[in-house]
Amino acid sequence: MTPLPNSRTEPDGSAVIRVLGYNIRSMRDDTAALARVLTACAPDLVLVQEAPIFFRWRKKLARLAAASGLVVLTGGGTAAGPAILCSLRATVERTEDVLLPLTPGQHRRGLATAVVRFAGVRFGVLSCHLSLERRERHAQGGMLLDRLAGMGVEHAIAGGDLNERPDGPTFARLATGLQDCRTAAPWGAEHTFPATAPDRRIDAVFATKGVEVLGCGVPAGLPGVTESDLRAATDHLPVLAALRIPA
């Protein structure tokens, strides 16, 4: 597997960062395996879905972050599941957790959002987990795009569990307004669910048009990421992207 670039600041001031999208199923599985996967991917940002949201959820999320050499940036119970973790390389400008309109009979959904700086580069970040119901999911895709547009930043990254394949209308809506990083620069494996025998891609990382995608995919085969850990950590596989964000 071609190595993915490591995090760094380029001579021209642009930032190369690693972003990991990961549905962690409320940390109900092997949390030691989960922490090993996170550590091996060496991410600057982790866009989490299904973070713990009930009893002592903040402590559980903080413990996972600490075990992975990261800190909790925002989200969790306050965003109905999505969260963002970051490395100490990030400077946080602001955060906002957004609850989306509730459809009767469906789960509450939300967005975890932040504006961060890496050296001189400033950009928006968003983690999402879209609805299982088709019409609600499509509406939430539009809200996601509106939220990114209203963040007051030139560049932004969004990622999450879309509950939809790339040929679905919501995935296509996002891939029209943003770059689907896996399509822009395929790297690693493609399918993200289920972790035990993946046969579909329903998790993705997106970036605004000015961001250069250096590689994106499931980090199966990355040094330190074992197949047994990927299967034990949660029911989804993670998506790792390396991105260059211009100064």
Side-chain angles (χ1 to χ4, degrees), residues 19-24 26 45-51 53 57 61 72-86 92-116 122-184 192-193 200-211 216 236 239 241 243 245:
V19 178
L20 189 72
Y22 211 174
N23 182 322
I24 64 171
S26 302
L45 294 160
V46 184
L47 310 180
V48 173
Q49 295 80 52
E50 290 193 35
I53 60 172
W57 64 266
L61 198 54
V72 179
L73 200 165
T74 194
T78 47
I84 303 172
L85 311 181
C86 66
V92 182
E93 187 177 300
R94 68 174 191 267
T95 66
E96 186 178 4
D97 297 327
V98 182
L99 292 176
L100 298 177
L102 179 61
T103 301
Q106 298 293 326
H107 284 295
R108 169 70 84 180
R109 303 284 179 179
L111 307 173
T113 77
V115 175
V116 297
R122 174 178 180 266
F123 59 96
V125 190
L126 183 152
S127 176
C128 70
H129 187 183
L130 302 187
S131 175
L132 289 162
E133 200 278 316
R134 185 177 55 84
R135 282 172 303 182
E136 184 181 40
R137 183 167 63 240
H138 197 253
Q140 289 170 351
M143 293 173 210
L144 187 161
L145 292 171
D146 289 346
R147 177 63 51 169
L148 286 182
M151 287 177 86
V153 290
E154 188 178 352
H155 307 294
I157 297 155
D161 176 355
L162 304 187
N163 275 316
E164 186 175 283
R165 302 172 196 235
D167 59 358
T170 305
F171 202 121
R173 182 178 193 175
L174 295 177
T176 301
L178 305 165
Q179 300 180 77
D180 170 17
C181 295
R182 168 73 193 177
T183 300
T192 64
F193 186 81
R200 71 204 84 158
R201 179 161 81 98
I202 61 171
D203 305 84
V205 174
F206 296 91
T208 49
K209 304 290 188 187
V211 174
C216 179
H236 286 245
V239 179
L243 309 169
I245 304 176

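A quick note: this is a predicted structure, and the numbers were derived from the prediction, not measured. Residue numbers run from 1 in the order of the sequence given.
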Quick one: closest heavy-atom pair of [X] and [Y], and the distance?
X    : Y    : value
G124 : V153 : N-CG2, 3.7 Å
A112 : T74  : CB-CG2, 4.1 Å
A79  : L111 : CB-O, 3.7 Å
L148 : A156 : CD2-CB, 3.9 Å
L162 : C128 : CD2-SG, 4.1 Å
T208 : Q179 : O-NE2, 2.9 Å

Flag the pair [X] / [Y] as yes when at least one side-chain heavy-atom distance between them is below 4.5 Å, and no otherwise.
X    : Y    : result
P169 : E164 : yes
P82  : T113 : no
T95  : L73  : yes
L45  : I84  : yes
D161 : L130 : no
M143 : P101 : yes
L243 : V211 : yes

Decide if atom [atom1] of [X] counts as having more than 12 heavy atoms of other residues, nucleotides or ligands within a radius under 6.0 Å.
X    : atom1 : value
Q106 : CD    : yes
R134 : CZ    : no
R108 : CZ    : yes

Residue pair V125, L47: steps toward the side chain to side chain contact (heavy atoms under 4.5 Å, CB included) verdict = CA-CA 8 Å; V125 190; L47 310 180; 3.4 Å; yes
Is it true that R94 and E96 have a side-chain N and a carboxylate O under 4.0 angstrom from each other?
->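 Result for this pair is no, no salt bridge flagged.
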For T170, the option from R137, R135, E136 that meets side-chain contact (heavy atoms from CB on, under 4.5 Å) |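 The side-chain contact (heavy atoms from CB on, under 4.5 Å) with T170 is passed solely by R137 among R137, R135, E136.
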Check each of V205, L126, L178 against I157 using the side-chain contact (heavy atoms from CB on, under 4.5 Å) test, and report the only one that passes.
->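 Exactly one pass, corresponding to V205.
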What residues form a salt bridge (charged side-chain N to carboxylate O under 4.0 Å, His left out) with D180, not counting sequence neighbours?
->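 For D180 the salt bridge (charged side-chain N to carboxylate O under 4.0 Å, His left out) partners, ignoring immediate neighbours, are R201.
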Check salt bridge (charged side-chain N to carboxylate O under 4.0 Å, His left out) between R182 and all other residues, then give those that pass, not counting sequence neighbours.
->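 Partners of R182 by the salt bridge (charged side-chain N to carboxylate O under 4.0 Å, His left out) criterion come out as none, since no residue qualifies.
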I would like to know whether H138 and Q140 meet side chain to side chain contact (heavy atoms under 4.5 Å, CB included); could you show each step before the answer?
-> CA-CA 5 Å; H138 197 253; Q140 289 170 351; over 6 Å; no
Answer with yes or no whether the side chains of Q49 and S127 bring together a donor and an acceptor at under 3.5 Å.
->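 A pair is found: one side chain offers a donor N or O, the other an acceptor, under 3.5 Å apart.
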Assess the side chains of N163 and S131: does a donor N or O sit below 3.5 Å from an acceptor N or O?
->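 No, S131 and N163 have no side-chain donor paired with an acceptor closer than 3.5 Å.
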Show your working on side chain to side chain contact (heavy atoms under 4.5 Å, CB included) between L61 and L85 and close with a plain yes or no.
-> CA-CA 9 Å; L61 198 54; L85 311 181; 4.2 Å; yes
Atom [atom1] in [X], atom [atom2] in [Y]: separation rounded to 0.5 Å?
X    : Y    : atom1 : atom2 : result
H107 : E50  : NE2   : CD    : 8.0 Å
T192 : D203 : OG1   : CG    : 3.5 Å
F171 : T183 : CZ    : OG1   : 6.5 Å
I202 : F193 : CD1   : CZ    : 5.5 Å

Run the numbers on V115 and M151 for side chain to side chain contact (heavy atoms under 4.5 Å, CB included), then give the verdict.
-> CA-CA 8 Å; V115 175; M151 287 177 86; 4.0 Å; yes
